[in-house]
Amino acid sequence: MQPNIDESRLAVILHGRVQGVGFRWWARREATRAGIRGTVRNLPNGSVEVRAAGPAAVLASFLAALRLGPRGARVERTELLSTAGDLPPDFRVVS
């Protein structure tokens with residue numbers, strides 16, 4: 001899918017208690033509600049990676065929500081990445 005000219009990108013790794021608490025499915029629900037496309041996946045080191053695209057203001061709100069996470073999560077650190085890469089037309093949980 002060709003990115004929209006007004007589309008911004010976000011790529012972040014979230015560290016802390018972010019696996020085993022429904023983080024990926026929560027992130028998918030939040031992104032879908034906001035009209036964001038992208039992916040979320042667990043990483044082998046216990047962190048979660050989110051890559052997303054959408055309007056800049058919407059992504060800023062999404063990032064703020066990610067830093068809080070769902071109930072039971074504890075995000076201790078966020079690591080912003082330099083590129084989001086290719087993204088699907090919707091928001092997906094990937095392995």
Side-chain angles (χ1 to χ4, degrees):
M1 175 177 209
Q2 199 67 326
N4 181 316
I5 198 97
D6 297 325
E7 184 176 74
S8 294
R9 299 279 181 119
L10 168 70
V12 62
I13 297 178
L14 303 137
H15 299 270
R17 185 170 186 242
V18 293
Q19 288 190 16
V21 293
F23 201 103
R24 293 175 300 157
W25 301 102
W26 171 86
R28 180 179 178 268
R29 185 183 71 232
E30 294 299 309
T32 300
R33 284 181 182 168
I36 295 169
R37 62 188 192 91
T39 61
V40 59
R41 68 181 177 135
N42 284 344
L43 296 178
N45 67 359
S47 63
V48 169
E49 177 187 66
V50 176
R51 295 179 182 269
V58 175
L59 286 181
S61 294
F62 183 54
L63 178 58
L66 289 172
R67 286 182 166 141
L68 295 174
R71 185 179 193 161
R74 187 179 67 248
V75 178
E76 296 171 355
R77 181 169 60 94
T78 55
E79 177 184 347
L80 293 175
L81 304 174
S82 60
T83 182
D86 291 332
L87 298 173
D90 55 0
F91 198 91
R92 300 176 185 173
V93 174
V94 297
S95 52

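Hydrogens, waters and symmetry mates play no part in the numbers below; they use all other heavy atoms, side chains included. These numbers come from a predicted model, not from an experiment.
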For the backbone of Leu87 and the side chain of Arg51, can you confirm whether one donor and one acceptor N or O come within less than 3.5 Å of each other?
no
If you define the side chain from C-beta out and look only at heavy atoms, does anything of Val50 sit under 4.5 Å from Leu14? yes
Distance col, row Asp90:CG vs Ile36:CD1, nearest 0.5 angstrom, shows 13.0 Å
Scanning both residues in full, the closest heavy-atom pair of Ala52 with Ala84 reads O-CB, 4.4 Å
Heavy-atom nearest pair, Val94 first then Arg24, reads O-NH1, 4.4 Å
Residue pairs meeting ring-ring contact (aromatic ring centres under 6.0 Å, His included), one or both in residues 68-87, sequence neighbours left out, come to none
Closest non-hydrogen contact found for Gly46 with Val18 is O-CG2, 3.4 Å
When every non-hydrogen atom of Ala53 is compared with those of Glu7, the smallest separation belongs to CB-CD, 3.4 Å
Quiz: residues 27-34 side-chain donor-acceptor pairs under 3.5 angstrom, not counting sequence neighbours:
residue	atom	partner	partner atom	Å
Thr32	OG1	Arg28	O	2.8

Distance-only donor-acceptor pairs under 3.5 Å for side chains of residues 54-65, two or more places apart:
residue	atom	partner	partner atom	Å
Ser61	OG	Ala57	O	3.4

Interatomic distance, CZ@Arg67 vs OG1@Thr78, rounded to 0.5 Å, equals 4.0 Å
Is the backbone of Pro88 close enough, under 3.5 Å, to the side chain of Arg37 for a donor and an acceptor to pair up by distance? yes
Does Leu68 share a hydrophobic cluster with Val48, counting links as ILVMFWY side-chain heavy atoms below 4.5 Å and allowing steps through other members? no
Residue pairs passing the ring-ring contact (aromatic ring centres under 6.0 Å, His included) test with at least one member in residues 24-46, sequence neighbours excluded, are Phe23-Trp26
For Leu81, the hydrophobic cluster (side chain heavy atoms closer than 4.5 Å, chained through members) also holds Ile13, Leu43
Surrounding CG of Asn45 (heavy atoms of other residues, nucleotides or ligands, distance under 6.0 Å), is the total greater than 12?
yes
So the side-chain hydrogen bond (donor to acceptor under 3.5 Å, both in side chains) pairs with at least one residue in residues 12-21 (sequence neighbours excluded) are His15-Arg77, His15-Glu79
